[in-house]
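Structure first, commentary second.
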Amino acid sequence: MNGTRIAAVGHYQPAKVLTNEDLAGMVDTSDEWITSRVGIRTRHIAGPDEPVDELASHAGAKALAAAGLTPGAVDLVVVATSTAVDRSPNTAARVAARLGIPSPAALDVNVVCAGFTHALATADHAVRAGAASRALVIGADKMSDVTDWTDRTTCVLVGDGAGAAVVEGAEGEPGIGPVFWGSVPEMGHAVRIEGTPPRFAQEGQSVYRWATTQLPAVARKACERAGLAPEELAAVVLHQANLRIIEPLAEKIGAVNAVVARDVTESGNTSAASIPLALSKLVEHGEISTGDPVLLFGFGGNLSYAGQVVRCP
């Protein structure tokens with residue numbers, strides 16, 4: 001075995017849609033103000049009876065179905081989330097119980113908006129090392145639980161959802177490239193979910209400057225590790241934070257021939273869910289084809305980042 005691949009993906013969003021017009025009735029804002037600053041038009045919001053592990057389980061079930069697998073085929077569950085209410089059982093264990101996955105290793109990864117790409121790398125390493133044979137990797141967040149709905153600077157950004165991928169061993173050319181990851185610990189205060197009750201807050205201008213000036217070179221490192229030039233990419237799936245960050249960052253990476261995921265416009269910032277959610281939609285809509293090289297690049301909370309080039313399932 002030379003590496004791993006993504007066998008299938010899936011995603012899930014709650015039924016309730018919150019529009020910019022809805023938000024204008026809650027706080028001092030408007031559709032024009034929101035779309036001009038962050039590019040978001042709608043977002044999905046989970047109800048009080050929809051915990052984050054339920055969102056994750058729906059996405060995971062869809063990925064398993066797309067791969068033609070039963071829950072028993074999985075022996076590792078990795079869930080990236082920063083919005084789990086309870087400390088134990090962790091979200092991965094609850095997902096395994098919901099899906100009926102027997103005796104998997106089950107762990108949560110909390111790297112906020114870069115969580116999914118960290119979790120994907122963790123699963124890739126585990127399968128390549130022989131510690132697992134097949135992994136279910138999920139990014140899921142219920143940001144509505146940690147949002148101050150009276151703060152117009154943050155409540156217009158967030159949405160809830162989940163995305164998942166099945167990772168398995170691959171013969172021949174690896175389908176998941178080497179990860180390039182890191183963080184800026186001294187600037188961790190720029191994006192926070194803290195306090196009791198926990199609340200999401202960020203220093204928007206600091207994050208914008210960091211993302212648009214420092215991260216293009218970092219994202220190109222992930223391409224270099226995969227042995228690809230940015231212009232060879234078929235798609236770029238960045239963390240769906242803000243359209244004003246996504247578009248200049250994608251341009252500065254140099255992926256001139258790539259489809260750029262812009263799911264943020266209809267889903268908002270779903271934190272760890274944003275990358276697998278956007279990737280799954282590109283696959284579902286036929287915007288990318290099996291084998292296409294796709295850059296996944298997460299960034300944000302903790303001022304952490306992680307990226308890898310994967311082959312489309």
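Here the structure is a predicted model, which means the values were calculated and not measured. Just so it is clear, the values below take in all heavy atoms, side chains as well, and ignore hydrogens, waters and symmetry mates.
Using a 4.5 Å cut-off on side-chain heavy atoms (C-beta onward), V109 and F116 make no contact. Residues S82 and S271 are in side-chain contact: their nearest non-hydrogen atoms beyond the backbone lie under 4.5 Å apart. In this structure, F299 and L249 have side chains that are in contact, with non-hydrogen atoms separated by less than 4.5 Å. Annotation: side chain of S274 is not in contact with side chain of D263 (no heavy-atom distance under 4.5 Å). Side-chain contact between K62 and E284 is absent, with no heavy-atom pair separated by less than 4.5 Å. A 4.5 Å side-chain heavy-atom check between Q13 and L55 finds every atom pair outside the cut-off. Side-chain atoms of Y12 and L277, non-hydrogen and from C-beta on, never get closer than 4.5 Å to each other. No side-chain heavy atom of V95 sits under 4.5 Å from any side-chain heavy atom of E54.
With respect to the salt-bridge test (charged N to carboxylate O, under 4.0 angstrom), the residues R5 and E173 do not qualify. Salt-bridge annotation for D86 and R94: present, with a side-chain N of the basic residue lying under 4.0 Å from a carboxylate O of the acidic one.
With 3.5 Å as the limit, one finds no donor-acceptor pair spanning the side chains of T81 and K142. Counting only N and O atoms by type, the side chains of S267 and Q240 include no donor and acceptor under 3.5 Å apart. A side-chain N or O of S133 and one of D75 form a donor-acceptor pair less than 3.5 Å apart. A donor atom on one side chain and an acceptor atom on the other are not found under 3.5 Å apart for D53 and T91. Donor-acceptor pairing under 3.5 Å is lacking for the side chains of N302 and S183.
In terms of heavy atoms, N90 sits closest to L107 at ND2-CA, 3.7 Å. Here the closest non-hydrogen pair linking N269 and M143 is O-CG, 3.9 Å. Smallest separation of non-hydrogen atoms from P248 and R244: CG-O, 2.9 Å. Nearest approach of I45 to G159, heavy atoms of both residues: CD1-CA, 4.3 Å. Listed here is the closest heavy atom pair of L18 and M26: CD1-SD, 4.3 Å. A pairwise comparison of heavy atoms in P293 and R311 identifies CD-NH1, 3.5 Å as the closest pair.
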In sequence, state the C-alpha distance, the side-chain angles, and the governing distance for R43 and L23, and then conclude on side-chain contact (heavy atoms from CB on, under 4.5 Å).
-> CA-CA 11 Å; R43 66 286 290 152; L23 282 167; 3.5 Å; yes
Take C155 and T150 through the test side-chain contact (heavy atoms from CB on, under 4.5 Å) and record every step on the way to the result.
-> CA-CA 7 Å; C155 75; T150 67; over 6 Å; no
Please step through side chain to side chain donor-acceptor pair (under 3.5 Å) for the pair D141 and T270, ending with a clear verdict.
-> CA-CA 6 Å; D141 268 311; T270 56; over 6 Å; no
Please lay out, stage by stage, how I101 and V77 fare under the test side-chain contact (heavy atoms from CB on, under 4.5 Å).
-> CA-CA 9 Å; I101 299 172; V77 179; 3.8 Å; yes
Candidate pair R134 and L76, rule side-chain contact (heavy atoms from CB on, under 4.5 Å), full reasoning = CA-CA 6 Å; R134 186 175 286 110; L76 171 64; over 6 Å; no
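Separation of atoms CD1 (I275) and SG (C113) is listed at 9.0 Å; rounding is to 0.5 Å. With rounding to the nearest 0.5 Å, the separation of CZ in R41 from OG1 in T265 is 6.0 Å. Taken to the nearest 0.5 Å, the CD atom of E232 stands 12.5 Å off from the CG atom of D292. The CG atom of D124 sits 12.5 Å away from the CD atom of E168 when rounded to the nearest 0.5 Å.
Both I176 and L279 are part of a single hydrophobic cluster, where members link through side-chain heavy atoms under 4.5 Å apart. Transitive grouping of hydrophobic side chains (ILVMFWY, heavy atoms separated by less than 4.5 Å) keeps V146 and V85 in distinct clusters. One hydrophobic cluster, built from ILVMFWY side chains closer than 4.5 Å, cannot hold both L282 and L295; they sit in different ones. Note on V283 and V310: same hydrophobic cluster, where clusters join Ile, Leu, Val, Met, Phe, Trp and Tyr whose side-chain heavy atoms are under 4.5 Å apart, directly or indirectly. Taken together through direct or relayed side-chain contacts under 4.5 Å among Ile, Leu, Val, Met, Phe, Trp and Tyr, V179 and V111 form parts of separate hydrophobic clusters.
Using cut-offs of 30° and 60° on the angle between ring planes, the pair H125 and W181 is perpendicular.
Annotation: side-chain hydrogen bond (donor to acceptor under 3.5 Å, both in side chains) contacts of T154 (sequence neighbours excluded): D151. Checked against side-chain hydrogen bond (donor to acceptor under 3.5 Å, both in side chains), R262 has the following partners two or more places apart in sequence or in another chain: E247.
Environment of CZ in R192: crowded, with over 12 heavy atoms of neighbouring residues, nucleotides or ligands closer than 6.0 Å.
Within the structure, no pair that satisfies the side chain to side chain donor-acceptor pair (under 3.5 Å) test touches residues 208-231, not counting sequence neighbours.
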